[in-house]
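To start, the structure under review is shown below, and the notes come after it.
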Amino acid sequence: MRTRPPRTRTRRLALAAVTAAALTVTTALVLPSSASAADTSPVGFGAGTTGGGGVAAVTVSTLDALKAAVTGDTAKAVRVNGLITLSGQVDIGSNTTVLGEGSASGFTGGGLRLKKVTNVVVRNLNISKPLRPADGITVQASTKVWIDHNAFSSDRDHGKDYYDGLLDIDHGSDYVTVSWNTFKDHYEGSLGGHSDNSASEDTGHLRVTYHHNWFDNVNSRIPSLRFGTGHFYDNYVVGADTAAHSRMGAQMLVENNVFRATTVAVTTNRDSDVDGYANLRGNDLGGAATEISQVGTFTTPPYAYTAEPASSVVASVTSGAGAGKL
């Protein structure tokens, strides 16, 4: 793939100023949380998300029971037993935990949608083959979300537009953590920000942390982020064309990740009229190229975390990520 040189445009400079102002944060001086703390609570921008909290779970095994159980905004926990076939997406209410039983429960053919909700936890689910226009999970105009220990997948036997995204976060969503998931055999993995024309909606939002995820044979969008602030650390990426993609003034910190059989590990200058920003540290690029037209200002996340060194990421992620690992 051709590397394009940095561009200078008035529109880009104006947008960069707005984005930089939105990134002013104060970091609390607290003890860092270890990666293992993610087994009981989220680390990152989604910290404090509790879902249904400690309420007793209702077990469902059919689509009708699932739809009835996840509606409304009262605190609730829903345990999915078995694999449920979906057509489209199921809307999830606020203050909800959706949890798969064992290692083989979840959804195929469609997915879940979190639209204009808050405080939602989705864990331990297999989510496969979401037919367009459904994503595996859509987070839309929602806040405080934790997506953890799920297994997302499709296949690459069809064209890239046959399935939709595995995980898309857009329309001003905010404070999201994506941790210990597997993303496999797909073209477009995870999109943050749906359009180059959504600056008024997304600027100052789309704060997302991705850590300890395994992207295997996913072509691109690992992740792709517009306008927002992304922390991508301790992830394992294998077989990508383009992995982390910062665009439209987004700020990304790409830290202690491992890339293998990947063409471009990080890019800031593709596909949009306005470049993004990226800072890289501690990564094992495995021979992958980088295309950094703009180095950003996001270097210190406003939360406590511990990034393990890249040398131990492959062992940690391959043994701990995905459904059935809680």
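Keep in mind the model is a prediction, meaning the values are calculated, not measured.
For residues 101-118, the side chain to side chain donor-acceptor pair (under 3.5 Å) pairs, not counting sequence neighbours, are Asp91-Arg113, Thr108-Ser128, Thr118-Thr143. Within the structure, salt bridge (Lys or Arg N to Asp or Glu O under 4.0 Å) pairs that include any residue of residues 242-263 comprise Glu255-Arg281, Arg260-Asp284 (at least two apart or interchain).
Between the side chains of Asp196 and Ser198, not a single donor N or O lies within less than 3.5 Å of an accepting N or O. Side-chain N/O atoms of Ser293 and Thr268 include a donor and acceptor closer than 3.5 Å. In summary, the side chains of His205 and Asp174 do present a donor paired with an acceptor at a separation below 3.5 Å, with no hydrogens or angles considered. Side-chain contact annotation: Thr318 with Trp214, donor-acceptor N/O pair under 3.5 Å absent.
Rounded to the nearest 0.5 angstrom, Asp241 CG and Thr267 OG1 are separated by 10.5 Å.
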Less than 3.5 Å apart, which donor and acceptor atoms pair up between the side chains of residues 54-68 and the rest of the protein, not counting sequence neighbours?
| residue | atom | partner | partner atom | Å |
| --- | --- | --- | --- | --- |
| Thr62 | OG1 | Ala65 | N | 3.2 |

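A perpendicular orientation is assigned to the rings of Trp180 and His211, their planes being inclined by more than 60° (bins at 30° and 60°).
Under the salt bridge (Lys or Arg N to Asp or Glu O under 4.0 Å) criterion, Asp185 pairs with no residue at all, not counting sequence neighbours. By the side-chain contact (heavy atoms from CB on, under 4.5 Å) test, Ser154 pairs with Lys129, Tyr163, His186, sequence neighbours left out. By the ring-ring contact (aromatic ring centres under 6.0 Å, His included) test, His231 pairs with Tyr233, Tyr303, Tyr305, sequence neighbours left out.
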